[in-house]
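Below, all heavy atoms of this structure are taken into account, side chains as well, without hydrogens, waters or symmetry copies. Computed from a predicted model, the values in this text were never measured in an experiment.
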Amino acid sequence: SEASTWETGISARARSALSLEMGWSRRRVSEGSARTAADLAQLTLLAGTPGAPVTSELRYDATQLREPEILRRIVPVTGGSGAYDAFGNPRFGGDYQIVTVTGAPSPRARANVQLRVDAYPGRSALGSAARRSFFGGLGLSILLRVETMSRIALGNPRYAIHPSSYLDEAATLRGAVSARQTLQYAPPGGRYDVRAEIGARRDQSGELENLRIRRDGLDTRLQIRNPLWGRMRLTTAATADRSTQSANRTDASDRF
């Protein structure tokens, strides 16, 4: 076998308010007539000094490995001798069982992406009058995170910039994307505060060859804290959660 590696990187900083680190490498391996490429990519972008009114963070990491493929499939068995139903749900005395076989080595890519933005105008270097205004008590936080393991080479620039590649239904083995928005208000000098959150998450699984499972969730939360007599405080909270799960057979038209 013959292997060759190319690497490149860049690092830039603008005082303490901006930091950028990037790196990318590709390794090609030839074994007889077969040729494979493994890509490794990293990106870190930080903007805003700690404690500033607005700070942000972007992190991207993708690693590609070559390892034996684990082939799992749900198959019918003699009635009542299985442990699952047709959609992979555990069921005592079910009609299906999961069969696992180790296949030939194949590429697998793991990727993690995180984007965070925090805005707190009250930290501003403006005058005390501005900090005591309505906007001085506002706080905003946004978080987006993607974690996935895929058959697609997500370290390759060709796929890295396409959002649809990270949870591609046919290529994703395990993947999740979550987003959370937080808004809070605590008036300067006040003794009460309000906090609202909303979050969404999608989990996707394609570990079984003939079954695709997806779960979507949404949650919201509202919290209000206000003072009582003495040093006591009353906290009132309301929460709502909702989730749905679907399972599709790729070798039949059945759906759960």
With distance as the sole test, does [X] use its side chain to make a donor-acceptor pair with the main-chain N or O of [Y] at under 3.5 Å?
X	Y	result
Ser150	Ile152	yes
Thr148	Tyr166	yes
Trp24	Gly155	yes

Electrostatic pair [X]-[Y], nearest N-O below 4.0 angstrom:
X	Y	value
Asp193	Arg195	no
Arg180	Glu197	yes
Asp118	Arg116	yes
Arg212	Glu169	no

Can you confirm whether the side chains of [X] and [Y] place a donor and an acceptor under 3.5 Å from each other?
X	Y	answer
Asn112	Asp61	no
Thr244	Arg242	no
Gln204	Arg214	no
Arg151	Ser106	no

Exercise. Crowded around Tyr159 OH? As in, over 12 foreign heavy atoms under 6.0 Å?
Worked result: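 Counting other residues, nucleotides and ligands, OH of Tyr159 stays at 12 neighbours or fewer.
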For this session: Using a cut-off of 6.0 Å, state whether more than 12 heavy atoms not belonging to Arg233 lie near its atom CZ.
Result: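 Yes, enclosed.
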Taking every non-hydrogen atom, the tightest pair across [X] and [Y]:
X	Y	result
Leu144	Ala179	CD1-CB, 3.9 Å
Leu154	Ala109	N-CB, 3.8 Å
Arg255	Ser246	NH2-CB, 4.0 Å
Gln64	Pro107	NE2-CB, 3.2 Å
Arg221	Ala237	NH2-CB, 3.8 Å

Problem set entry | Min side-chain heavy-atom separation Phe92-Tyr84 under 4.5 Å |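 Side-chain contact under 4.5 Å: no.
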For this session: Verify the cluster assignment for Met22 and Leu18: are they in a single hydrophobic cluster under the rule of side-chain heavy atoms below 4.5 Å apart?
Result: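 Yes: a chain of side-chain contacts under 4.5 Å links Met22 to Leu18.
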Exercise. In Å, rounded to the nearest 0.5 Å, how long is the span from CG of Leu58 to CG of Leu46?
Worked result: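 Reported value, rounded in 0.5 Å steps: 9.0 Å.
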Exercise. Of the options Val113, Val146, Leu115, which is the one that meets Tyr60 in a side-chain contact (heavy atoms from CB on, under 4.5 Å)?
Worked result: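 Testing each of Val113, Val146, Leu115 against Tyr60, the sole residue satisfying side-chain contact (heavy atoms from CB on, under 4.5 Å) is Val113.
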